[in-house]
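Some notes on the structure that comes next.
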Amino acid sequence: MQTALALIDVDSGTVTTADLETAQFPVEDLAIHRGEGIFETVLVSVDPASGSTRIHSEEPHFARFQQSAAMLDLPAPPRELFDEAVATVIAEVVGSLEESVTEFSVRYAMSRGLDSHADLSAHRSVGTPARARGWAFPIAVAPAQRAQRTDGVRVVTLDRGYDAYLGEKAPWLLIGAKTLSYAVNQAAARHAVAQGADEALFVSHDGLVLEGPTSNLVILRGDTLLTPDPRAGLLHGTTQRAVFAGAEAAGLSTEYADLTVEDVVDADAAWLVSSVRTAVPVVAVNGRPVARDLDATSRLHAWVRAV
């Protein structure tokens with residue numbers, strides 16, 4: 001895959017291209033040493049016959065991007081610039097794809113810009129944006145990610161460290177914003193692997209299931225799909241919403257609910273859903289087996305790709 005990079009200067013309203021492998025960001029950018037920024041990752045499908053592409057859940061992703069910016073008091077992301085950047089990256093990738101590749105993802109992000117102690121005039125003299133800047137680049141879908149769509153994952157539960165619904169009275173915690181501060185999520189994923197599992201599942205300190213480090217949980221109970229209430233302390237997933245839309249169109253019930261670990265273990269099926277992996281069956285929680293439904297898994301995959 002060609003590693004194209006699109007750079008956005010929010011102040012000047014321009015999009016330029018560069019190579020992902022070359023240096024682009026000054027170390028004084030707040031995204032690098034403060035995590036002061038936001039991002040989204042979209043799945044792109046490619047029709048091998050025509051070469052046409054489709055960005056899945058495009059509108060919900062950008063709406064959440066805008067919401068995250070507002071939560072961090074960042075400038076409103078200019079839609080036209082980010083659309084241009086993503087389109088530029090997709091065009092570059094499609095022009096160099098092997099015929100066997102039918103999907104990839106694009107990540108787009110925005111930083112607050114340079115730290116307050118930076119010499120803004122010096123940075124401007126070399127063409128560095130002083131304030132908010134954005135970027136977009138492609139990411140291949142790894143074979144392991146594709147395999148998990150059918151093989152499933154074993155999860156271990158980890159205490160998130162706070163009670164459910166804390167974000168309603170502590171908005172400065174940015175619960176529900178998709179920020180670049182992902183160190184805790186990455187640490188949780190490593191800890192899960194160290195415990196012999198494939199994935200972590202966060203649980204609030206008072207016992208409610210929340211989300212995975214990069215995914216939302218959906219369970220099947222009879223003819224109803226359930227997912228944790230986003231207000232409990234998790235990111236409102238775009239893929240989860242696509243699944244619910246598909247389920248409702250198919251005549252199933254959907255519900256946001258307070259769920260426990262026992263609810264997951266006793267479910268008729270459970271999945272971790274996310275933009276790139278789509279729907280990954282949960283096959284065990286803390287070593288306890290969870291029922292699987294192959295037909296339902298196939299339906300979830302189709303629902304995610306339908307939007």
Exercise for the section: Please step through side chain to side chain contact (heavy atoms under 4.5 Å, CB included) for the pair R221 and L259, ending with a clear verdict. Expected result: CA-CA 12 Å; R221 182 188 293 161; L259 302 175; 4.1 Å; yes

Problem - W271 and L217: CA distance, side-chain angles, deciding distance, side chain to side chain contact (heavy atoms under 4.5 Å, CB included) verdict - result: CA-CA 6 Å; W271 301 268; L217 174 75; over 6 Å; no

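- A donor and an acceptor atom, one from each side chain of Q24 and T22, are located under 3.5 Å apart.
- Summarising the geometry, atom CZ belonging to F244 is positioned 8.5 Å from atom CD belonging to E255; distances are rounded to the nearest 0.5 Å.
- When R79, R241, R64 are each tested for a salt bridge (Lys or Arg N to Asp or Glu O under 4.0 Å) with E59, only one passes: R79.
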Practice task
Test side chain to side chain contact (heavy atoms under 4.5 Å, CB included) on L234 and I175 and set out the steps.
Solution key: CA-CA 6 Å; L234 57 137; I175 298 171; 5.9 Å; no

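- Neither side chain, H205 nor D163, offers a donor N or O lying under 3.5 Å from an acceptor on the other.
- Residues S181 and G35 come closest through the heavy atom pair OG-O, 3.2 Å.
- The shortest distance between side-chain heavy atoms of D198 and V193 does not fall below 4.5 Å.
- R146 contributes a side-chain N or O that, together with a main-chain N or O of V141, makes up a donor-acceptor pair within less than 3.5 Å.
- Annotation: D11, atom CG; neighbour count of heavy atoms from other residues, nucleotides and ligands within 6.0 Å is above 12.
- Counting all heavy atoms, side chain and backbone alike, L72 lies closest to G37 at CD2-O, 3.8 Å.
- Aromatic ring orientation, F82 versus F65: perpendicular (interplanar angle above 60°, classes split at 30° and 60°).
- No donor-acceptor pair under 3.5 Å is formed between the side chain of R160 and the backbone N or O of E211.
- Between the side chain of D293 and the main chain of D295, a donor-acceptor pair closer than 3.5 Å is present.
- Note that NE2 of H236 is 8.0 Å distant from OG1 of T227, once rounded to the nearest 0.5 Å.
- Cluster annotation: M110 is connected to I8 through the hydrophobic network of ILVMFWY side chains, with a link wherever side-chain heavy atoms come within less than 4.5 Å.
- No donor-acceptor distance shorter than 3.5 angstrom exists from the side chain of T17 to the backbone of A6, with no hydrogens or angles considered.
- Side-chain atoms of E248 and T254 form a donor-acceptor pair, as typed in the model, at a separation below 3.5 Å.
- Counting only heavy atoms from C-beta outward, the side chains of E103 and L43 approach each other to under 4.5 Å.
- When atom types are taken as modelled, the side chain of Y108 and the backbone of D83 share no donor-acceptor pair closer than 3.5 angstrom.
- Across every non-hydrogen atom of A267 and A291, the tightest pair is O-CB, 3.8 Å.
- A donor-acceptor contact shorter than 3.5 Å is absent between the side chain of R154 and the backbone of V282.
- For Q148 (side chain) and Q145 (main-chain N/O), no donor-acceptor pair under 3.5 Å exists by modelled atom type.
- Counting heavy atoms from C-beta outward, V153 and L272 have side chains that approach closer than 4.5 Å.
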Practice task
Decide yes or no on side chain to side chain contact (heavy atoms under 4.5 Å, CB included) for I139 and S105, but give the supporting numbers first.
Solution key: CA-CA 5 Å; I139 306 172; S105 65; 3.3 Å; yes

Problem - side chain to side chain donor-acceptor pair (under 3.5 Å) assessment of Y165 paired with D206 - result: CA-CA 10 Å; Y165 297 95; D206 50 352; over 6 Å; no

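- In this structure, the side chains of R131 and V10 stay at 4.5 Å or more apart for every pair of heavy atoms.
- Side-chain contact annotation: T157 with N286, donor-acceptor N/O pair under 3.5 Å present.
- Both I38 and V15 sit in one connected hydrophobic cluster of ILVMFWY residues. Membership requires side-chain heavy atoms under 4.5 Å apart, directly or through other members.
- Using a 4.5 Å cut-off between side-chain heavy atoms of Ile, Leu, Val, Met, Phe, Trp and Tyr, with links allowed through other members, L235 and Y162 fall into different hydrophobic clusters.
- Within the 4.5 Å cutoff, side-chain heavy atoms of T224 are placed close to those of L226.
- At a threshold of 4.5 Å between side-chain heavy atoms, the hydrophobic network of Ile, Leu, Val, Met, Phe, Trp and Tyr places V307 and V276 in two separate groups.
- Taking the side chain as every heavy atom from C-beta outward, E40 and K178 approach each other to under 4.5 Å.
- Put simply, the side chain of S215 never gets that close to the backbone of S274: no donor and acceptor are under 3.5 Å apart.
- Nearest heavy atoms, A136 versus V89: O-CG2, 3.4 Å.
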Exercise for the section: With side chain to side chain donor-acceptor pair (under 3.5 Å) as the test, would you mind laying out the steps for R133 and S111 before giving the verdict? Expected result: CA-CA 5 Å; R133 58 159 59 195; S111 162; over 6 Å; no

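- Among all heavy-atom pairs drawn from V261 and V285, the shortest one is CG1-CG1, 3.9 Å.
- Residues R292 and T297 have side chains that never bring a donor and an acceptor to within less than 3.5 angstrom of each other.
- Between the side chains of D9 and T14, not a single donor N or O lies within less than 3.5 Å of an accepting N or O.
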Practice task
Check the pair H61, F39 against ring-ring contact (aromatic ring centres under 6.0 Å, His included), reporting the backbone distance first and the verdict last.
Solution key: CA-CA 9 Å; H61 273 290; F39 78 100; 10.0 Å; no

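- Looking at V280 and V273, their side chains never come closer than 4.5 Å, going by heavy atoms from C-beta outward.
- Looking at T278 and H56, their side chains never bring a donor and an acceptor atom within 3.5 Å of each other.
- Linking ILVMFWY residues whenever their side-chain heavy atoms come closer than 4.5 Å, directly or via other members, leaves L158 and V203 in distinct clusters.
- T239 places a side-chain N or O within 3.5 Å of a backbone atom of S275 that can act as its donor or acceptor partner.
- Using a distance-only test at 3.5 Å, with no hydrogens or angles considered, no donor-acceptor pair links the side chain of N185 to the main chain of T214.
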